[in-house]
Amino acid sequence: MRLTNLIFFLLGQLLLVIIATFLLGTLLGGFYHSALIIISAYLILMLIYVFSLKESLQHGFKIKWLGTRGFLSEVNSSIEALSKSRWRYRKRFAQLIKEVNALASAIPDAGIIIDEFNNIEWCNRSSLTLLGVDQDRDIGQKVGNIIRFPAFNHYLKNHKMDNFIDIEDSNNKRFLRFRIVEYHDHSSRTKKFISVRDVTAQSKLNQIRKDFIANASHELKTPLTTIKGYSEIINEDSKEQELANFANQITLQADRMNKIIEDLLSLSKIENSDMELNDDLIDVGSIINQVLESYESLNKKINFKLSIECDKKLISDESLFYSIVENLISNAHRYTDEGGDVLISWSADAEYATFTVQDTGIGIPQESIERITERFYRVDKGRNAKTGGTGLGLSIVKHALDRMGAELIIESELQVGSSFSCRFPNKRLAKD
Ligand code: ADP
């Protein structure tokens, strides 16, 4: 609708009113009264038109009496087109909602939306089969009252963006993987999306793998002890130097294999979720000193420095903490050249209590940092062979920290040094 159309329309209407007033005036013999009658009639007509437009918009019917030509019919058809497109949009929107609902019902994972007070706002059909959350019954209920696993309620309070937990549903003999994602709705209210997947098959396979490693390691121990015993006897009793050297090599390699087996067994023990962790009161300084004692007699001299800024005890499992300290100090010792420095510190701030081992050793290439906690990952085979490691030390550290609810932060620069920090939440510190 252009401006010229509007001007023509207004001029036309004015002309019409004037002509009608003139005609009625001549008929009645008075222009004043006839102007009043015509303008009133014109206003009434406009009111009828506006009213009809309103009705046509609300109920979607066509105002037939306006015809197909002229300014008013143009206004009418524009409004009609607008209302049609609005209707089409609503229909498409309703279809989309239907499709999303159908999709949500079809997926095998459970999906639940909860508000900032943990009340259930929406859930899909699988929520009923996996968790017993009913679309018709449980909307508006507290999610913790319906999903009653203690581990889930703990996770609900402490979840992070990228983590998940696997929970055993012993009643139904299955394992469920819970993942919580936080987001903001259109009015910036914080909501959470809980997705739950049945990972029973995956967990069983994982368990088979863990059991296999634990059993195989255990079975290897006995023959290895025998091999080591005989090689030691041959080494001691042999008159031939060459034979004694061979036997010595066998003993050394048997020792190495034994260490790998010990590490594999520790790792599977740590990974075993049935293993209960103790809440010991750990004197971190004394554990560090105990571990350092074994380095005093070694030939390779490293300058160990200690910085204990936090005098509070750590509440956690002492044997796991010991193996963390032992592995990190052993690595710092092995991967730092003679005469280098290793700083071992224990400190706390408002959020975390941190145990750090920092060395001036050979460092780790950036691309390897995120992989060195994998089992048997080696930066390069040469450096491992020289230092006699098992390739499992950092794996043990990482898994132990996971179990203790702590995290490992690794920073390193090649030929400058490395720093391994174990960060415990502050609530793990004893009060006095
Ligand atoms: P390993 O028994 O081989 O030392 P770890 O799991 O303890 O096994 O370490 C994995 C790899 O990470 C090592 O092979 C080594 O290359 C690297 N690494 C670990 N600690 C350090 C460190 N302090 N400095 C440099 N490299 C390190």
Side-chain angles (χ1 to χ4, degrees), residues 209-210 213-214 217 220 224 252-271 287-288 291-292 294-295 298-307 319-346 354-404 406-423:
R209 178 185 62 82
K210 284 180 197 163
I213 293 174
S217 311
L220 281 172
L224 203 60
L252 287 177
Q253 294 306 322
D255 280 341
R256 186 138 183 253
M257 272 181 83
N258 215 15
K259 207 160 170 291
I260 295 175
I261 289 170
E262 293 292 341
D263 277 358
L264 278 172
L265 285 171
S266 316
L267 199 55
S268 49
K269 210 168 118 194
I270 295 169
E271 275 188 327
I287 299 276
I288 298 171
V291 174
L292 282 181
S294 54
Y295 288 87
L298 296 184
N299 286 336
K300 184 178 169 187
K301 292 294 171 223
I302 298 286
N303 304 315
F304 285 110
K305 291 177 194 155
L306 216 66
S307 157
S319 70
L320 278 195
F321 187 73
Y322 190 94
S323 79
I324 291 169
V325 177
E326 200 180 30
N327 274 302
L328 290 181
I329 292 181
S330 154
N331 280 355
H333 182 264
R334 284 183 297 129
Y335 298 110
T336 302
D337 289 337
E338 173 113 32
D341 298 324
V342 173
L343 174 67
I344 305 163
S345 61
W346 171 238
T354 312
F355 166 71
T356 302
V357 178
Q358 191 179 356
D359 62 50
T360 54
I362 56 173
I364 304 157
Q366 289 306 307
E367 66 276 12
S368 294
I369 289 182
E370 64 180 41
R371 297 201 56 196
I372 53 169
T373 55
E374 289 171 20
R375 289 176 181 84
F376 299 116
Y377 181 81
R378 267 106 199 224
V379 170
D380 69 63
K381 289 197 175 78
R383 52 156 94 174
N384 180 270
K386 261 191 269 162
T387 61
T390 62
L392 292 165
L394 287 180
S395 236
I396 292 176
V397 171
K398 171 83 174 54
H399 280 85
L401 288 172
D402 279 352
R403 289 290 317 267
M404 294 160 116
E407 54 182 334
L408 178 66
I409 296 155
I410 306 170
E411 286 165 330
S412 188
E413 201 177 319
L414 268 181
Q415 307 309 333
V416 176
S418 313
S419 149
F420 292 80
S421 296
C422 310
R423 231 163 49 166

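For this chain, numbers begin at 1 and follow the sequence in order. For ligands, and for the atoms within them, numbers begin at 1 and follow the listed sequence.
Short contacts between ligand 1 and Ser418, defined as distances under 4.0 Å to a heavy atom of the residue, involve ligand atoms 24 (N), 25 (C). Proximity to Tyr377 (heavy-atom distance under 4.0 Å) selects the following atoms of ligand 1: 10 (C), 11 (C). Listed by number with element, the atoms of ligand 1 under 4.0 angstrom from any heavy atom of Arg334 are 1 (P), 2 (O), 4 (O). Remark: ligand 1 atoms within the under-4.0 Å shell around heavy atoms of Val379 are 16 (O). Within ligand 1, the atoms closer than 4.0 Å to a non-hydrogen atom of Ile372 are 10 (C), 12 (O), numbered from 1 in the order shown. The Gly391 neighbourhood of ligand 1 comprises atoms 1 (P), 2 (O), 3 (O), 6 (O), 8 (O), with distances under 4.0 Å to a heavy atom of that residue.
Formation of a donor-acceptor pair under 3.5 Å by the Gln366 side chain with backbone atoms of Ser412 is found in this model. Looking only at distances, a side-chain donor or acceptor of Asp359 sits under 3.5 Å from a matching main-chain atom of Ser418. In terms of modelled atom types and a separation under 3.5 Å, the side chain of Lys300 and the main chain of Thr336 share a donor-acceptor contact.
The distance criterion of under 3.5 Å between nitrogen or oxygen atoms is not met by Ser395 with respect to ligand 1. Polar contact with ligand 1: present for Thr390 (N/O pair, distance under 3.5 Å). Taking distance alone, with nitrogen or oxygen atoms compared against 3.5 Å, Ile362 stays at or beyond that limit from ligand 1. Checked by distance only, ligand 1 and Phe420 stay at 3.5 Å or farther apart across all their nitrogen or oxygen atoms.
Between Ser345 and Ser307, the side chains place no donor N or O within less than 3.5 Å of an acceptor N or O (distance only, hydrogens not considered).
To the nearest 0.5 Å, atoms CG (Leu264) and CZ (Phe376) are separated by 4.5 Å.
Distances from ligand 1 to the non-hydrogen atoms of Asn327 include no value under 4.0 Å. Between Gly363 and ligand 1 there is a heavy-atom distance shorter than 4.0 Å.
For atom 6 (O) of ligand 1, the nearest non-hydrogen atom from the set Leu394, Leu414, Val397 belongs to Leu394.
By the criterion of a heavy-atom distance under 4.0 Å, neither the backbone nor the side chain of Thr373 is placed next to ligand 1. At a heavy-atom cutoff of 4.0 Å, ligand 1 is contacted by the side chain of Ile364 but not by its backbone.
Checked for salt-bridge contact, Lys398 and Asp402 meet the test: a charged N lies under 4.0 Å from a carboxylate O.
Between His333 and Phe304, the ring-plane angle classifies as parallel under the 30° and 60° cut-offs.
Residues passing the side-chain contact (heavy atoms from CB on, under 4.5 Å) test with Asp341 are Asn303, Lys305, Thr360, sequence neighbours excluded. Take Ser319 and apply the side-chain hydrogen bond (donor to acceptor under 3.5 Å, both in side chains) test, not counting sequence neighbours, and it matches Asp317.
Checked against Phe420 for a side chain to side chain contact (heavy atoms under 4.5 Å, CB included), the options Thr356, Ile372, Val397, Ile409 give a single hit: Ile372.
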